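None of these values were measured; they are calculated from a predicted model. Counting begins at 1 with the first residue of the sequence. Atom set for the values below is all heavy atoms of this structure, side chains included, hydrogens, waters and symmetry mates excluded. Ligands are counted one by one from 1 in listed order, and the atoms in each one are counted from 1 as well.
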Amino acid sequence: MKILVVGSGGREHAIAWTLLQSPNVEQVFCAPGNGGTATMANCQNLDLAVDDFPGIAQAVQDYQISLVAVGPEVPLSLGIVDYLQQRNILVFGPVKAGAEIEASKSWAKDLMKEAGIPTAKSETFTARDSAKVYIEKTGAPIVVKADSLAAGKGVIVAMTLEEATNAVDELFNQGFNTLVIEEFLTGEEASVLALTDGQTIIPLLPAQDHKRIGEGDTGKNTGGMGAYAPAPVVTSEIMNRIQTEILQPTIDTFNKRGIDYRGILYAGLIITPSGDPKVIEFNCRFGDPETQAVLPLLETPLEQLMLACAQQELSAQPPLRWQPGIAVCVVAASGGYPDAYQKGKAISGIESINDAIVFHAGTKLEDGQLVTSGGRVLGITAVGENFESAIAKVYAGVSAITFEGIYYRRDIGYRFNI
Ligand code: AMP
Ligand code: GLY
């Protein structure tokens, strides 16, 4: 079969790569893809923006594509799935009404309240004054979040009252008109990405993302500087609780609201010191870079699972099969990221890596030369028998790569034994 992957990041390269591991997948197209998907065997980039729905529907016809898999949240929240379904195209991803779970934090909080899902206490505000009064009353630390999509830049974890009130002003000044202010939770973070067909929901291996730019999880928040899976903080007992207390109630509540949610439901969690899982956010898609750590361990053919989700046949699937071991993904970024950075730097060394997989994110081919074109440039993933061997392999790979200004964290995976 032929599959079209929508998006251009490391996550989409990993999805395309995993799909192509299956003998049933003949060809993958990426809209628009990146330098990695441009050069992968049996993969072809299409010059289509992720929100060019008519162009994507036309490509499905022109290339006889059987399934569209949508990576990023923006086209999902703009209704790409509704658009394609109306044209009888099979698609992996939630409808617009379901993507609200990521597109609006207050909407997600309402759903969690209705479903009785454990999460941080919160209030929603549309005026600065009332937001500040609430902060004064509640005290710090406290978390201030823009309600709408903000590409990872709309959350301020304020340790003092002053930081929190400044965050309110900053977000309103940036043009956000609704804020969610919530209780600060402590514990270990984990990401659980779950496959769903709107009825059945099956979690993938739990992962942990390293969101901060600096070693020791310090400095600014980023899209994610690395990830590993499976994350031992999510024991099988905690995973069972996540299934019954979080994932299934979310799907049940979607159904109560008449929303047929198919695709990935991503639960961003904090596991509290007493071992209770609580939701800090939901996303309506695969995580980036969690996907680059989770999918290389998946042995069940991905296209089979995506089809089962799109056709509501997930309950008939046998249990997922996983390669034993640990996968670690390290992101190589452009110097300066997540602030301003330069683009167009020549990348070399990828061909010399044989013990790790190189997923491209911000790269493109310019006159046959691979150059940087984004903040997160590459995600290098290695699989090992244990953490030590996966970490040693991944850093042997990363150190072979050069481009001007390359920056990566040297401690990805360190929390595995915390
Ligand atoms: P989000 O975009 O909602 O995932 O938030 C980005 C990051 O902010 C998370 O990965 C957490 O590290 C942190 N964060 C968000 N909400 C909370 C919370 N209620 N308590 C503590 N940290 C939080
Ligand atoms: N790695 C965090 C995210 O995908 O939202």
Note: heavy atom closest to atom 12 (O) of ligand 1, options E183, E189, R212, belongs to E189

If you measure every N/O of R11 against every N/O of ligand 2, is any gap under 3.5 Å?
no

Would you confirm whether D209, through its side chain, and E290, through its main-chain N or O, come within 3.5 Å as a donor-acceptor pair?
no

Atoms of ligand 2 less than 4.0 Å from N283 heavy atoms?
5 (O)

For D260, is there an ion pair with R262 - N to carboxylate O distance below 4.0 angstrom?
yes

Those atoms of ligand 2 less than 4.0 Å from some heavy atom in Y266
1 (N), 2 (C), 3 (C), 4 (O), 5 (O)

ring-ring contact (aromatic ring centres under 6.0 Å, His included), that's the test. Do F125 and Y134 meet it? Break it down for me.
CA-CA 9 Å; F125 297 92; Y134 179 78; 5.2 Å; yes

Ionic contact status for R409 with E215, cut-off 4.0 Å
no

How about Y266 and F286: are their ring centres within less than 6.0 Å of each other?
no

Please determine whether the number of non-hydrogen atoms from other residues, nucleotides or ligands lying under 6.0 Å from atom NZ of K393 exceeds 12.
yes

Would you call D217 and K211 a salt bridge, using N to O less than 4.0 angstrom?
no

Provide the number and element of each atom of ligand 1 under 4.0 Å from a heavy atom of K211.
10 (O)

With heavy atoms and a 4.0 Å threshold, my read on which part of E290 contacts ligand 2 is side chain

As a quick check of understanding, evaluate salt bridge (Lys or Arg N to Asp or Glu O under 4.0 Å) for K121 and E182, giving each step before the final call.
CA-CA 6 Å; K121 257 193 276 146; E182 68 179 36; over 6 Å; no

Any donor-acceptor pair under 3.5 Å from T37 side chain to C30 backbone:
no

Which ligand 2 atoms does D209 reach within 4.0 Å, using its non-hydrogen atoms?
1 (N), 2 (C)

State if F286 counts as touching ligand 2 under the rule of any non-hydrogen atom under 4.0 Å.
no

Please tell me if the side chains of Y395 and I412 come closer than 4.5 Å, counting only heavy atoms from C-beta onward.
yes

Could you tell me which atoms of ligand 1, counted from 1 in the order shown, lie closer than 4.0 angstrom to a heavy atom of K145?
3 (O), 15 (C), 16 (N)

Would G287 count as a contact residue for ligand 2, given that I'm defining contact as a non-hydrogen atom of the residue lying under 4.0 Å from a ligand atom?
yes

Is it true that S191 lies under 4.0 Å from ligand 2, counting heavy atoms only?
no

Proximity winner for atom 21 (C) of ligand 1, if only heavy atoms of I142, V157, L185, V279 are counted
L185

Any idea which protein heavy atom is nearest atom 7 (C) of ligand 1, and the distance to it?
N221 ND2, 3.9 Å

Could you tell me which atoms of ligand 1, counted from 1 in the order shown, lie closer than 4.0 angstrom to a heavy atom of K105?
2 (O), 3 (O)

Heteroatom proximity flag, V143 to ligand 1, N/O under 3.5 Å
no

Atom indices of ligand 1, in the order listed, that fall short of 4.0 Å to a heavy atom of E182
16 (N), 17 (C), 18 (C), 19 (N)

Hey, does K211 come in under 3.5 Å of ligand 2, counting only N/O atoms on both sides?
no

Any ion pair linking E114 and R257 (charged N to carboxylate O, less than 4.0 Å)?
yes

min-distance protein heavy atom vs atom 8 (O) of ligand 1 -> V155 CG1, 3.6 Å

Give the atoms of ligand 2, by number and element, whose distance to some non-hydrogen atom of G223 is under 4.0 Å.
1 (N), 2 (C)

Looking only at protein heavy atoms, identify the closest one to atom 5 (O) of ligand 2 and say how far it is in Å.
R285 NH2, 2.9 Å

Is a side-chain N or O of N255 found less than 3.5 angstrom from the main chain of G198, in a donor-acceptor match?
yes

